[in-house]
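Reviewing the structure listed below.
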Amino acid sequence: MKKAISVTVNGVPYRHEVEPRLLLVYYLREVLGLTGTHIGCDTTSCGACTVIMNGLAVKSCTVLAVQAEGATILTVEGLAKDRTLHPIQEGFWEEHGLQCGFCTPGMMLTALQILERNPEPSEEEIRHGLDGNLCRCTGYQHIVNSIRYASRKIKEEGGTAIPETAGRERR
Ligand code: FES
Ligand code: FES
């Protein structure tokens with residue numbers, strides 16, 4: 001039997017009837033049409049499906065849509081503001097942090113969680129924070145550089161890593 005859920009994604013409120021078994025990643029991709037969130041495995045290993053839910057990075061392939069009831073979610077499509085890239089997007093561009101781009105949305109959202117918790121992380125802290133996100137193309141070094149770029153830019157601008165629309169971390 002379908003269940004009604006209400007969620008806010010990238011600042012937009014939605015209400016839908018969904019099957020209880022529907023995974024959040026399919027809700028985002030197939031019901032909302034937000035296809036930036038990718039699926040790279042079926043064992044919760046790759047992190048390509050990472051989104052920010054209530055201020056925390058989650059693998060949306062391992063959350064049921066019904067568990068997101070009442071949640072505030074940020075996907076890659078919600079990062080840019082008025083066609084201006086978010087510092088993390090700019091960082092990946094400037095530092096060549098992507099090649100095929102399949103892991104990139106998940107990488108960027110995990111990066112925001114790293115920077116939200118520690119605005120000036122060391123290389124080791126960044127690499128540890130990225131443990132749950134796999135990339136086949138880059139060898140990771142340029143991703144680390146991209147996140148350091150974003151860290152500097154966010155500090156310069158005096159902003160926060162996770163935008164307001166994503167809900168801040170609920171502790
Ligand atoms: S699709 Fe691989 S962790 Fe979610
Ligand atoms: S850029 Fe291709 S998997 Fe990371």
Side-chain angles (χ1 to χ4, degrees), residues 5 7-10 14 16 18-69 71-80 85-117 121-151 153 161-162 166-167 169-170:
I5 58 163
V7 290
T8 301
V9 182
N10 302 333
Y14 295 95
H16 286 104
V18 298
E19 292 282 350
R21 65 185 170 178
L22 181 72
L23 296 172
L24 179 59
V25 69
Y26 289 115
Y27 176 73
L28 295 171
R29 289 179 55 84
E30 294 178 7
V31 180
L32 302 191
L34 297 171
T35 55
T37 305
H38 293 154
I39 302 164
C41 73
D42 55 12
T43 50
T44 318
S45 327
C46 74
C49 61
T50 306
V51 299
I52 303 275
M53 180 163 122
N54 296 333
L56 291 171
V58 300
K59 292 182 173 179
S60 62
C61 72
T62 313
V63 178
L64 295 167
V66 290
Q67 290 175 301
E69 161 61 17
T72 301
I73 293 171
L74 174 71
T75 71
V76 67
E77 291 88 348
L79 283 178
L85 295 182
H86 183 285
I88 192 68
Q89 294 173 303
E90 194 181 306
F92 271 72
W93 170 259
E94 293 293 340
E95 298 290 339
H96 308 287
L98 69 146
Q99 290 179 35
C100 79
F102 196 84
C103 72
T104 315
M107 282 288 177
M108 293 196 297
L109 292 163
T110 297
L112 293 193
Q113 166 118 79
I114 296 170
L115 294 174
E116 182 78 9
R117 289 181 168 172
S122 66
E123 166 149 3
E124 197 184 345
E125 287 165 338
I126 292 174
R127 285 178 180 271
H128 179 67
L130 291 179
D131 262 1
N133 290 71
L134 303 181
C135 176
R136 284 191 168 196
C137 305
T138 64
Y140 300 98
Q141 186 59 53
H142 287 272
I143 293 178
V144 172
N145 299 347
S146 306
I147 296 172
R148 296 195 107 169
Y149 179 105
S151 156
K153 177 96 196 229
I162 299 180
E169 193 166 338
R170 288 184 197 162

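Note that this is a predicted model, so its numbers are computed, not measured. Indexing begins at 1, ligand by ligand and atom by atom, following the structure's order.
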Checklist entry - Backbone N or O of S122 within a donor-acceptor pair of the E125 side chain at under 3.5 Å? => result yes

Item to check | More than 12 heavy atoms from other groups under 6.0 Å of NE2 on H16 | outcome: yes

Item to check | Subset of ligand 1 atoms that lie under 4.0 Å from at least one heavy atom of C46 | outcome: 1 (S), 2 (Fe), 3 (S)

Item to check | Donor-acceptor under 3.5 Å (Y14 side chain, T8 main chain) | outcome: no

Checklist outcome for this item: Near C61 (heavy-atom distance under 4.0 Å), the atoms of ligand 1 are 1 (S), 3 (S), 4 (Fe)

Item to check | Note, T37 side chain near Y27 side chain (heavy atom, < 4.5 Å) | outcome: no

Checklist entry - Numbering the atoms of ligand 1 from 1, which are under 4.0 Å from a heavy atom of S45? => result 3 (S)

Item to check | Crowding at OH, Y26 (>12 non-hydrogen neighbours, <6.0 Å) | outcome: no

Next on the checklist: Only to 10 degrees, please: what angle do the SG atom of C137 and the SG atom of C100 make about atom 2 (Fe) of ligand 2?
Outcome noted: 100°

Item to check | Atom indices of ligand 1, in the order listed, that fall short of 4.0 Å to a heavy atom of K59 | outcome: 3 (S)

Checklist entry - Under 4.0 Å from any heavy atom of G40, which atoms of ligand 1 are there? => result 1 (S)

Checklist entry - For A57, does its backbone N or O pair with a side-chain atom of Q113 as donor and acceptor, under 3.5 Å? => result yes

Item to check | Numbered atoms and elements of ligand 2 in range of G101, under 4.0 angstrom, heavy atoms | outcome: 1 (S), 2 (Fe)

Checklist entry - Can any side-chain N or O of E95 pair as donor or acceptor with the backbone N or O of N145 at less than 3.5 Å? => result no

Item to check | Heavy-atom nearest neighbour in the protein, as seen from atom 3 (S) of ligand 1, with distance rounded to 0.1 Å | outcome: G47 N, 3.2 Å

Item to check | Numbered atoms and elements of ligand 1 in range of T44, under 4.0 angstrom, heavy atoms | outcome: 3 (S)

Checklist outcome for this item: The answer for which part of S60 has a heavy atom under 4.0 Å from ligand 1 is neither

